[in-house]
Amino acid sequence: MQANYSPKDIESAAQQQWDSQQAFLAQENSEKPKYYCLSMFPYPSGKLHMGHVRNYTIGDVLSRYHRMQGYNVLQPMGWDAFGLPAENAAMANNVPPAAWTYSNIEYMKQQLKSLGLGVDWSREVTTCKPDYYRWEQWLFNRLFKKGVIYKKTSTVNWDPVDNTVLANEQVIDGRGWRSGAQVEKREIPMYFFRITQYADELLQDLDTLPGWPEQVKTMQANWIGKSYGVRFAFPYELDGKQDKLWVYTTRADTIMGVTFVAVAAEHPLATYAAQKNPALAAFVEECKHGGVAEADIATMEKKGMPTDISVTHPLTGEQVPVWVGNYVLMSYGEGAVMAVPAHDERDFGFAKKYGLPIKQVIERSTAAPSTDDASIEERVFDPTKWKIWYEWKSNTIVRTVNSGKYDGLYFDQAVDAIAADLAAKGLGEKKTQFRLRDWGISRQRYWGCPIPIIHCPTCGDVPVPDEQLPVKLPENVVPDGAGSPLAKMPEFYECTCPQCGGKARRETDTMDTFVESSWYYARYASPQCDTGMVDKAAAQKWLPVDQYIGGIEHAILHLLYARFFHKLMRDEGLVTGNEPFKNLLTQGMVVAPTFYRDLPAGKKLWINPAEVEVEIDAKARPIGAKLIADGKPVVIGGTEKMSKSKNNGVDPQAIIDAYGADTARLFMMFAAPPDQQLEWSDAGVEGSYRFLRRVWNLSAELANHDLKKAISGKLAESDQALRREIYLALKQANFDFSRFQFNTVVSATMKILNSLEKAKASADHAVLGEGLSILLRLLSPITPHIAQTLWKELGYGDDILATTWPEVDESALEQDEIELMIQVNGKLRGSLRVAKDADKAAIEQLALAHEVVQKQLAGAPAKKVIVVPGRLVNIVA
RNA sequence: GCCGGGAUGGCGGAAUCGGUAGACGCGCUGGACUCAAAAUCCAGUGUUCGAAAGGAUGUGGGGGUUCGAGUCCCCCUCCCGGCACCA
């Protein structure tokens with residue numbers, strides 16, 4: 001074999017071997033259990049970034065590991081190919097989004113292949129191709145006819161200069177990113193998926209997903225936000241007409257404390273009041289400025305203005321003033337909220353600011369309810385959610401006060417009594433409500449899947465008949481940033497009505513790109529199927545996805561939409577089962593240090609870490625940094641997610657070219673556990689490369705010996721010790737593989753190599769050979785090229801993927817004596833060697849007799865002795 | 001603002017059920033090899049007092065439970081992800 005480790009040679013050779021064997025084609029007819037391992041598909045932005053490398057390495061490690069465990073593995077790959085960046089690139093370079101996207105795919109596919117991923121490329125899916133989105137349009141029509149998709153108006157960011165709708169990302173400090181114009185809210189008609197119809201199921205089925213991280217399930221549950229409350233009305237009279245102002249509250253026990261009502265700027269009452277009040281009209285106008293992103297609305301200054309309208313409190317009959325508040329959103333709930341300044345932080349701030357009355361109606365209960373009270377749980381408030389006058393404690397129990405006939409009631413009693421009275425008056429009822437809103441999917445953009453609807457002046461919105469699908473998106477178009485180009489293309493939108501044959505107009509909006517990524521996992525089961533969205537038998541075979549891997553940033557939207565789509569497809573009879581992803585692994589971000597120099601006007605020049613040299617003191621603490629090119633200092637910024645804007649990205653291709661894919665993969669797996677943030681380190685990459693070189697060198701040294709010889713006879717003590725070290729590490733590695741903690745798997749392989757190197761001159765070759773075979777198999781999912789090459793070179797076999805996973809030889813782990821730690825008062829004072837089966841009394845006696853203990857006790861008797869078998873003895877002096 | 005997560009040596013991280021804090025790697029220091037350097041190998045490396053033996057101290061901050069807390073409970077600070085049109 002070659003004396004030196006040469007990743008370029010061995011990696012291309014191994015990849016050619018896998019290609020020629022078609023090693024990673026998933027088997028449609030196999031006795032083995034299936035394992036569908038899916039990584040979130042990439043958006044073809046140009047070239048791979050480190051986040052991709054991390055994601056796909058994790059997926060490949062799991063795929064190869066399961067393959068060696070005897071599974072029939074499906075690991076597919078594809079392209080989430082519609083999206084906004086293609087339109088931006090098109091405008092910048094005057095290239096159609098399609099051409100840009102396809103050339104990116106071609107390049108990135110080569111990059112993925114050079115990583116040595118065990119992907120079944122025969123199942124590649126590209127969402128911008130008609131053979132894919134055709135089925136999305138087909139499903140759209142079925143759901144439209146069913147009423148699961150409907151049309152209503154919704155609020156968007158409007159750029160009044162470019163005359164275009166802006167994505168939230170394109171709104172910077174309330175202004176359009178290209179025009180710089182102040183953004184306005186605008187109501188436009190859109191198509192919606194009725195996801196709220198599935199809210200309860202989406203919530204409840206989270207309990208059927210033990211393989212999902214708790215934090216993701218919690219986030220989804222909170223996002224869906226089921227609440228139990230009361231919907232009730234404030235009656236009022238306007239121009240002699242009786243009407244009701246409806247609101248919803250989860251704190252009906254505080255209704256007696258309402259001192260005003262706030263409505264959204266777009267609320268009919270606000271519109272009415274503004275007609276006669278120019279100041280209010282100006283305020284309503286002002287509320288329309290700014291974007292629609294919730295984070296902006298929630299953090300902006302709370303402002304309001306009174307109307308001259310007042311409504312009647314449904315229980316007290318008192319008059320309550322109506323205010324317009326910029327923080328009340330028309331699209332949430334009723335577009336109006338009751339305000340209880342005494343018991344709500346936001347209302348409190350608002351009341352203080354505008355001098356509105358504050359009326360306390362609950363207080364902390366002084367007498368705790370008896371413990372046998374069955375409903376005590378419901379009366380215990382979560383202090384993080386309910387704040388009482390800002391002075392609250394954990395598990396505060398509150399009772400109503402100052403509330404007339406409702407005085408002295410606990411939360412649930414007060415809600416019951418108040419809801420009953422409201423119901424009796426026809427002014428309210430108990431109601432569960434969801435925070436989740438219906439999913440608006442219309443986008444006024446070009447590079448997306450066309451919505452298959454035809455607008456007919458006589459027949460209304462008519463779905464495009466199935467036989468006319470797909471509605472193809474013209475591909476040779478360059479958008480100009482001023483609205484959708486499709487709306488300017490008569491050859492696209494001019495059509496005839498499928499129902500009456502009259503002149504009609506085709507819908508020019510496209511779908512949210514989240515729609516494509518909501519069902520691609522199902523398409524992989526039968527990617528070429530041209531008779532349906534999925535082939536039912538194939539879907540039955542491969543679904544659900546056994547392991548899904550992707551960034552934590554997708555914890556809510558993408559994962560919720562995909563779960564929703566699975567249920568939609570189930571209800572269409574396309575798939576079985578209720579959930580698409582059995583197990584979920586959410587991967588952390590790849591981050592790197594940042595460096596910059598200050599420029600005039602508060603701007604910064606970001607400098608790539610590769611061009612910077614960090615200076616350290618004698619204890620290796622960083623004390624400064626300078627640009628290598630000019631030797632002058634640069635400022636050390638924070639450690640942040642790799643990005644173009646901070647110029648702290650490292651190109652994976654450069655790493656693969658310099659060290660090989662195995663080194664890149666090894667570093668990715670070793671530097672952090674998969675769900676944690678990973679900090680890039682050039683020195684860490686060097687270390688990974690060094691380790692692989694040591695593996696190669698040791699293999700080369702031992703290559704001439706018979707490493708496959710069976711272990712026989714009584715082993716020398718040193719050989720027994722070596723086997724024990726190896727099997728301890730294997731045991732650890734197996735456990736860590738099972739819990740996806742790959743960094744400690746790598747650490748275990750390093751321990752094995754260290755042990756083998758130390759013992760190589762004196763150890764039995766059979767023991768060394770056994771250890772090396774374990775090492776290579778443990779490494780093969782992570783660094784497949786070197787593992788495969790050495791496996792063959794050392795004569796273990798032709799194909800490491802076809803071997804069995806190493807098992808722990810428990811007999812190699814046994815020892816006669818074990819070491820126990822001795823603590824005095826919980827502090828480590830010494831250690832003790834005892835027989836492995838020594839009983840507690842014997843251990844206690846030995847420990848008490850130990851000189852360290854004698855010294856600590858200084859003649860006094862021990863108060864207490866705690867023996868933890870196999871671990872320690874703690875003596876309480 | 002709301003929801004979720006995180007904080008351990010100079011750095012990345014380990015510690016599986018409340019039981020030896022710092023595995024493994026990087027970096028650094030010293031040594032071997034070399035004309036020299038690189039590479040490689042060997043040794044050391046939380047902080048602090050000490051010549052050493054040994055002691056004290058130490059897991060973002062404050063409090064608590066326990067024989068014993070990085071781990072459990074309460075409060076706080078800072079950082080990161082998401083917030084419905086980035087993907």
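Proteins get letters first, then strands, A, B, ... in listed order; numbering begins at 1 in each.
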Exercise for the section: At under 4.0 Å between heavy atoms, which parts of nucleotides 40-46 of chain B does protein reach? Answer with one letter per nucleotide, 5' to 3': B base, S sugar-phosphate only, - none. Expected result: SS-----
Completion exercise
Under a 4.0 Å heavy-atom criterion, the protein footprint on nucleotides 65-71 of chain B, written with B, S and -, is --BS---
Show the distances under 3.5 angstrom between N or O atoms of the protein and N or O atoms of nucleotides 55-58 of chain B.
from, atom 1, to, atom 2, distance (Å)
A56(B), OP1, R829(A), NH2, 3.4
U57(B), OP2, K827(A), NZ, 3.3

Practice task
Measure from the side-chain N and O atoms of N825(A) to the backbone N and O of K827(A), and report whether any donor-acceptor pair falls under 3.5 Å.
Solution key: no
In whole Å, I'd like the distance from the [atom1] atom of [X] to the [atom2] atom of [N].
{"X": "I752(A)", "N": "A23(B)", "atom1": "CD1", "atom2": "P", "result": "18 Å"}
{"X": "R739(A)", "N": "A14(B)", "atom1": "CZ", "atom2": "P", "result": "9 Å"}
{"X": "D296(A)", "N": "A84(B)", "atom1": "CG", "atom2": "C1'", "result": "13 Å"}
{"X": "L666(A)", "N": "G13(B)", "atom1": "CG", "atom2": "C1'", "result": "14 Å"}
{"X": "N222(A)", "N": "G81(B)", "atom1": "CG", "atom2": "C1'", "result": "15 Å"}
{"X": "H558(A)", "N": "A87(B)", "atom1": "NE2", "atom2": "P", "result": "13 Å"}
{"X": "F41(A)", "N": "A87(B)", "atom1": "CZ", "atom2": "C1'", "result": "10 Å"}
{"X": "M300(A)", "N": "G1(B)", "atom1": "CE", "atom2": "P", "result": "15 Å"}

For [N], give the paired nucleotide (Watson-Crick: N1-N3 plus N6-O4 or O6-N4; G-U: N1-O2 and O6-N3; both under 3.5 Å), or none.
{"N": "G58(B)", "answer": "none"}
{"N": "G27(B)", "answer": "U45(B)"}
{"N": "C72(B)", "answer": "G64(B)"}
{"N": "A52(B)", "answer": "none"}
{"N": "A39(B)", "answer": "none"}
{"N": "U34(B)", "answer": "none"}
{"N": "G22(B)", "answer": "none"}
{"N": "C85(B)", "answer": "none"}

At 4.0 Å (heavy atoms only), tell me whether [X] reaches a base, stays on the sugar-phosphate, or touches nothing.
{"X": "F514(A)", "result": "base"}
{"X": "L820(A)", "result": "nothing"}
{"X": "A671(A)", "result": "sugar-phosphate"}
{"X": "D736(A)", "result": "nothing"}
{"X": "V171(A)", "result": "nothing"}
{"X": "P673(A)", "result": "sugar-phosphate"}
{"X": "M190(A)", "result": "base"}
{"X": "A748(A)", "result": "nothing"}
{"X": "V156(A)", "result": "base"}
{"X": "L84(A)", "result": "sugar-phosphate"}

If you define the side chain from C-beta out and look only at heavy atoms, does anything of [X] sit under 4.5 Å from [Y]?
{"X": "W680(A)", "Y": "I655(A)", "value": "yes"}
{"X": "L166(A)", "Y": "W158(A)", "value": "no"}
{"X": "V685(A)", "Y": "Y659(A)", "value": "yes"}
{"X": "K760(A)", "Y": "E701(A)", "value": "yes"}

Would you measure the distance from the [atom1] atom in [N] across to the matching atom in [M] and give it in whole Å?
{"N": "G63(B)", "M": "A52(B)", "atom1": "P", "result": "34 Å"}
{"N": "C35(B)", "M": "U45(B)", "atom1": "P", "result": "32 Å"}
{"N": "A7(B)", "M": "U59(B)", "atom1": "C1'", "result": "9 Å"}
{"N": "A21(B)", "M": "U47(B)", "atom1": "C1'", "result": "14 Å"}
{"N": "A23(B)", "M": "G18(B)", "atom1": "P", "result": "22 Å"}
{"N": "A36(B)", "M": "U20(B)", "atom1": "P", "result": "48 Å"}
{"N": "U65(B)", "M": "A56(B)", "atom1": "P", "result": "23 Å"}
{"N": "U71(B)", "M": "G54(B)", "atom1": "C1'", "result": "30 Å"}

OP1, OP2 of [N] versus side-chain N and O of [X]: anything below 4.0 Å?
{"X": "Q741(A)", "N": "A15(B)", "value": "yes"}
{"X": "R437(A)", "N": "A84(B)", "value": "no"}
{"X": "N743(A)", "N": "A14(B)", "value": "yes"}
{"X": "S681(A)", "N": "G12(B)", "value": "no"}

List, one per line, each side-chain donor-acceptor pair under 3.5 Å for residues 553-560 of chain A, sequence neighbours excluded.
from, atom 1, to, atom 2, distance (Å)
H558(A), NE2, Y548(A), OH, 2.7

Decide whether [X] and [Y] meet the rule of one side-chain donor and one side-chain acceptor closer than 3.5 Å.
{"X": "S179(A)", "Y": "D162(A)", "answer": "no"}
{"X": "T127(A)", "Y": "E516(A)", "answer": "no"}
{"X": "E819(A)", "Y": "S831(A)", "answer": "yes"}
{"X": "N88(A)", "Y": "R178(A)", "answer": "no"}

Handout entry: Syn/anti state for C17(B) [syn: chi within 90° of 0]
Key = syn
Practice task
Enter syn or anti for the glycosidic conformation of G68(B), syn applying to angles within 90° of 0.
Solution key: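 G68(B): anti.
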Handout entry: RNA chain B: 5'-proximal contact among Q444(A) and S747(A) (nearest heavy atom)
Key =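 Looking at the nearest nucleotide for each, S747(A) comes out on the 5' side.
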Fill in the blank from the handout: Assert: residue with more 5' nearest nucleotide on RNA chain B, out of M821(A) and L678(A), is L678(A)
Completion exercise
Taken in chain and number order and not counting sequence neighbours, the residues that satisfy side chain to side chain donor-acceptor pair (under 3.5 Å) with S681(A) are none
Handout entry: Face-to-face stacking of F670(A) with C24(B), centres under 5.5 angstrom, angle under 30°
Key =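 No; by the centre-distance and plane-angle rule, F670(A) does not count as stacking on C24(B).
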Exercise for the section: Please confirm whether Y327(A) and F350(A) have ring centers closer than 6.0 angstrom. Expected result: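 Centroid distance Y327(A)-F350(A): below 6.0 Å, so yes.
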Fill in the blank from the handout: With sequence neighbours left out, the residues meeting salt bridge (Lys or Arg N to Asp or Glu O under 4.0 Å) with K303(A) are E286(A)
Ring geometry between [Y] and [X] (parallel below 30°, tilted from 30 to 60°, perpendicular above 60°):
{"X": "W439(A)", "Y": "F565(A)", "result": "perpendicular"}
{"X": "F82(A)", "Y": "W447(A)", "result": "perpendicular"}
{"X": "Y689(A)", "Y": "Y5(A)", "result": "tilted"}

